[in-house]
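Take a look at the structure below.
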Amino acid sequence: MANKYKGFLIVSTICLLLLGYYQFTEYRAWWSFPLYDDGLRDGEVGDKVIIMAKLAVEDTSWVAEHLSDWQHAIYTVNDPFSRLHTSTNKGHESLAYLTYIISHYHSLPSTLLFLHAHRSGRRRGWHTDAWDWDNVRSVKSLNLSYVQKEGYVNLRCNWKPGCRPQDYTPNGHVSKQIWLEVLGPGSNGTEDEVPEMVGQPCCAQFAVSKMQVKQRPLEDYISYRQWVLDTELEDEKSGRVMEFLWHVIFGKGAVFCPEPSACYCNLYGRCDGVL
Ligand SMILES: *[C@@H]1O[C@H](CO)[C@@H](O)[C@H](O)[C@H]1NC(C)=O
Ligand SMILES: *[C@@H]1O[C@H](CO)[C@@H](O)[C@H](O)[C@H]1NC(C)=O
């Protein structure tokens, strides 16, 4: 009798351990995004570039260290003596983004990834949609063939802020007048064509294919940059305007809010449906 119980105990302990292990790996799957394999050999640099704006005090060595399979174009916005810099510090990251496109328009790599200068951590990275708000993880999981297929993706799937109805009905940063100033008049040149609502998830981290960039002539990007240089809006406000217009510039409708669980699945291969 006693032996029978012993056997039962051993079997149930093993079952519990297996169940625990399964739960643990499930949990890991929940917070870690599977890595995307883009077929590069070790040490190879791909046909893809990370574009970034940084302040002189910011340390971006994490990019070369952890994302060495990407080309880098890191612009210092407040140091005219650094190798890559913007002509002035305005429009937050937007001048660096536009300056890269304008200078490389005729020799772009296939994938362009626009990122902020901080790597991780909640305080500065709260808007990065990955474990520990970590851009390295987010970039390593990003499905580059999906980017090619879509043309433009916002790296943030979470709708807060930017895609909640209160964020874009109307969008407090992009008025009709601002839309017309930046993008120019539409085909009939009147305000009637300007959408009432403009929205996408916040924070200006996104990926674009070369093909999508080329859907617009170089002159368009030059004129957006001129708007940033000329506007009387202060740095942060002009940055916000561009933040809520990138998706329009890159061919999406005025409100571009993919359903979050589909977004996590398509962008990061995280298809478990858990948000
Ligand atoms: C990446 O995206 C492509 C295009 O949508 C899809 O066919 C492929 O299965 C995805 N790969 C992974 C690893 O999720
Ligand atoms: C301009 O286009 C909008 C939207 O297509 C239309 O509603 C409006 O009547 C047009 N205005 C003129 C003056 O043609």
Side-chain angles (χ1 to χ4, degrees), residues 21-52 62-63 65-72 97 101 108-116 119-120 125 127-160 162-163 199-216 246-275:
Y21 179 71
Y22 175 75
Q23 291 284 341
F24 175 70
T25 50
E26 276 295 288
Y27 179 65
R28 279 165 55 91
W30 178 75
W31 54 256
S32 69
F33 293 180
L35 297 183
Y36 177 73
D37 178 8
D38 79 346
L40 291 174
R41 290 186 299 273
D42 272 358
E44 208 175 350
V45 178
D47 182 21
K48 51 187 188 176
V49 63
I50 289 175
I51 299 125
M52 195 177 267
W62 58 271
V63 182
E65 190 176 334
H66 297 286
L67 299 170
S68 55
D69 54 333
W70 289 78
Q71 304 165 38
H72 315 139
Y97 292 6
I101 292 176
L108 294 169
S110 299
T111 307
L112 291 79
L113 184 58
F114 297 87
L115 289 184
H116 285 181
R119 175 182 168 178
S120 61
H127 54 75
T128 297
D129 232 343
W131 175 252
D132 194 29
W133 305 277
D134 185 354
N135 253 332
V136 171
R137 261 174 205 264
S138 151
V139 171
K140 282 184 184 286
S141 310
L142 182 64
N143 182 337
L144 301 184
S145 42
Y146 185 70
V147 175
Q148 288 302 317
K149 193 173 123 203
E150 278 298 300
Y152 170 89
V153 302
N154 188 319
L155 296 187
R156 183 170 175 81
C157 294
N158 190 322
W159 281 11
K160 285 190 276 182
C163 275
Q200 72 161 334
C202 82
C203 302
Q205 297 199 105
F206 54 88
V208 195
S209 69
K210 165 166 86 176
M211 292 230 299
Q212 186 62 53
V213 175
K214 296 273 193 162
Q215 294 296 307
R216 288 184 180 276
W246 293 120
H247 61 298
V248 181
I249 289 173
F250 296 118
K252 299 295 180 192
V255 175
F256 178 57
C257 297
E259 199 274 312
S261 58
C263 174
Y264 287 120
C265 184
N266 289 329
L267 263 65
Y268 301 113
R270 200 175 110 180
C271 302
D272 48 21
V274 183
L275 296 188

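Whatever order the structure lists ligands and atoms in, that order sets their numbers, starting from 1.
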(message) Centre-to-centre under 6.0 Å for F256 and F206, is that the case here?
(response)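 When the ring centroids of F256 and F206 are compared, they turn out to be at least 6.0 Å apart.
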(message) Looking at every non-hydrogen atom in both residues, tell me the closest pair between L112 and F114 and how far apart they are.
(response)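 Reported closest heavy-atom pair: CB-CE1, 3.7 Å.
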(request) For atom NZ of K160, decide whether the heavy atoms of other residues, nucleotides or ligands shown that lie under 6.0 angstrom number more than 12. (result) no
I'd like a table of the close N/O pairs between ligand 1 and the protein (anything under 3.5 Å), one pair per line with both atom names and the distance.
| unit_1 | atom_1 | unit_2 | atom_2 | d |
| --- | --- | --- | --- | --- |
| ligand 1 | 2 (O) | N143 | OD1 | 3.2 |
| ligand 1 | 2 (O) | N143 | ND2 | 2.3 |
| ligand 1 | 5 (O) | K149 | NZ | 3.3 |
| ligand 1 | 11 (N) | N143 | ND2 | 2.9 |
| ligand 1 | 14 (O) | N143 | ND2 | 3.4 |

(request) Look at K210 together with D47 and state whether they make a salt bridge at an N to O cut-off of under 4.0 Å. (result)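 Salt bridge flag = no for D47 with K210.
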(request) Drop me the distance from L113's CG to H72's NE2, to the nearest 0.5 angstrom. (result) 10.5 Å
(message) Assess, by modelled atom type and distance only, whether the side chains of N135 and Q205 contain a donor and an acceptor separated by less than 3.5 Å.
(response)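 Yes, because at least one side-chain N or O of N135 sits under 3.5 Å from a partner of the opposite role on Q205.
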